[in-house]
Amino acid sequence: MFQDRGPEAHDTAGPATRAYVLHPDLKSARSRRLPEHGLAEAVSLAGALPNLEVLGAEVVRLPKLQPGTLFGSGKVDELAARLKELEVDLVLVDGPVSPVQQRNLEKEWGVKLLDRTGLILEIFADRARTREGVLQVELAALSYQRTRLVRAWTHLERQRGGFGFVGGPGETQIEADRRAIDDQVIRLKRQLDKVVKTRELHRAARRKVPFPVVALVGYTNAGKSTLFNRMTGADVLAKDMLFATLDPTMRGVTLPDAKGGPGRKVIASDTVGFISDLPTQLVAAFRATLEEVLEADLILHVRDISHPESAEQAADVAEILTSLKVNPAVPMFEVWNKLDQVEGSERAALLQQAENRAGVFPVSALTGEGIEGVLAAVSQAFDEEKTLRRLHLGFAEGRKRAFLHDEGVIEAEEMVEDGWEISVFWTARQEKRYRDL
């Protein structure tokens, strides 16, 4: 399924792939969202792939799952006729499909089939631009493929071990495929480890710089990149498309002070968008990238407040942040974006709600409305109280002295017989980092 594509991956030649989207709605499954909204999201996901034309989409109500074909035999036949009539090349099922179900449905319908995980992996494969992104997607794709090896190529098995004179059955094709994937996974993990070490060095370097990190997180297509561009003056790709941004970006931002002039500087970090039922393979592969959120001193949770399922999307983001083990003590602001798409009484109600809740900021990243309020709140969050302390450091404690110089907190310093007497003016956060040394 996955191929290592070059930077021109979006210029896919040839006619568009004709696709049909299905959203299975299982009666017994509890979901916090309406199936119609799930289908709309699946169609948007399909639209995020280049050179793909969605010919139709429907919600399929299921009393129960069929282990062999997912859908009942009548529905399979009905869909077979429709797919043939529309000359569909690819069916996208918005949910999990087992390897056996996939093989049986492809055989019945005579088309290629992708489930939700496979579709998201294809999008990520198309979007990855950095070396780390490409490696992460390839690793996730291989982990996904390994679980989907089915006995489809028994004619390729080596029937006997050795030269075939003695011994029992040799290696089956499925075992050979699994071994080949495992070898490739090991190779990719080694390469990724090097990239992760480099990222960790970058993080360590940023810790030495006295600039707090502000991470933008949110559901995919909530407008994080547009807000990031508005805050930083950067030019990160911002499109009305799921997963438009894949690789994380960091930029410095000078916040306004209380008088409206230039204040302190922070580092803003734009992260990959989250989505409901994010494939576990992707969470594992992108952990190094997502861990940028763990380093944040403040989190801006960007929500598309105009979306009918904004609350459900926020709950999905909260679940992923919990799974990443983000420290609940890290302050988090909610940025209600796309206010320009809400009108009338609904807009007035949202503004009233935001006013009654602390740490909530309604904005339009597109028009710039409300951005000053967010920046002022971020600036205020980092206006920490400072205290004066007097420290005595021995000559052997050069590392601690270097830290104080790097932080720029030394007010006065005097060399004495057994070391240094130092007066420091610092925040509680800087003092904690000093004590942790």
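- Remark: the backbone N or O of Ile320 is paired with a side-chain donor or acceptor of Ser323 at under 3.5 angstrom.
- The two residues Thr367 and Asp340 have their closest heavy-atom pair at CG2-CB, 4.2 Å.
- A salt bridge links Glu78 with Lys75: the closest approach of a Lys/Arg side-chain nitrogen to an acidic carboxylate oxygen falls below 4.0 angstrom.
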- Show your working on side chain to side chain donor-acceptor pair (under 3.5 Å) between Thr17 and Asp89 and close with a plain yes or no. CA-CA 6 Å; Thr17 302; Asp89 308 310; 5.3 Å; no
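- With rounding to the nearest 0.5 angstrom, the CD atom of Gln184 is 10.0 Å from the CG atom of Leu139.
- A donor-acceptor pair is defined here as one N or O able to donate and one able to accept, closer than 3.5 Å; no such pair exists between the side chain of Arg303 and the backbone of Ala222.
- Residue pairs meeting the ring pair (Phe, Tyr, Trp, His ring centres under 6.0 Å) criterion with at least one member in residues 309-357, sequence neighbours excluded: Phe333-Phe361.
- Atom CG of Leu300 sits about 9.5 Å away from atom CE of Met332, to the nearest 0.5 Å.
- For the 3.5 Å distance criterion, the side chains of Tyr219 and Glu41 qualify, holding a donor opposite an acceptor.
- For Asp316, the side-chain hydrogen bond (donor to acceptor under 3.5 Å, both in side chains) partners at least two apart in sequence or on another chain are Arg32, Arg33.
- Once rounded to the nearest 0.5 Å, the distance linking CG of Leu113 with CG of Leu22 reads 8.0 Å.
- Using a cut-off of 4.0 Å between Lys/Arg side-chain N and Asp/Glu carboxylate O, Glu138 and Lys189 are scored as not salt-bridged.
- Nearest heavy-atom pair across Leu121 and Ala140 is CD2-CB, 3.6 Å.
- Looking only at distances, a side-chain donor or acceptor of Arg347 sits under 3.5 Å from a matching main-chain atom of Leu339.
- With rounding to the nearest 0.5 Å, the separation of CG in Leu375 from CE in Met231 is 5.5 Å.
- Judged purely by atom type and a 3.5 angstrom limit, Ser310 uses its side chain to pair as donor or acceptor with the backbone of Asp304.
- To the nearest 0.5 angstrom, Leu49 atom CG is 5.5 Å from Leu119 atom CG.
- Proximity of Gln101 to Pro96: side-chain heavy atoms (C-beta onward) are nowhere separated by under 4.5 Å.
- Among residues two or more places apart in sequence or in another chain, the side chain to side chain contact (heavy atoms under 4.5 Å, CB included) test is passed with Leu55 by Arg18, Glu53, Leu86, Val88.
- For the pair Glu122 and Lys112, the salt-bridge criterion is not met [side-chain N within less than 4.0 Å of a carboxylate O].
- For the residue pair Thr69 and Asn104, no side-chain donor N or O sits within less than 3.5 Å of a side-chain acceptor on the partner.
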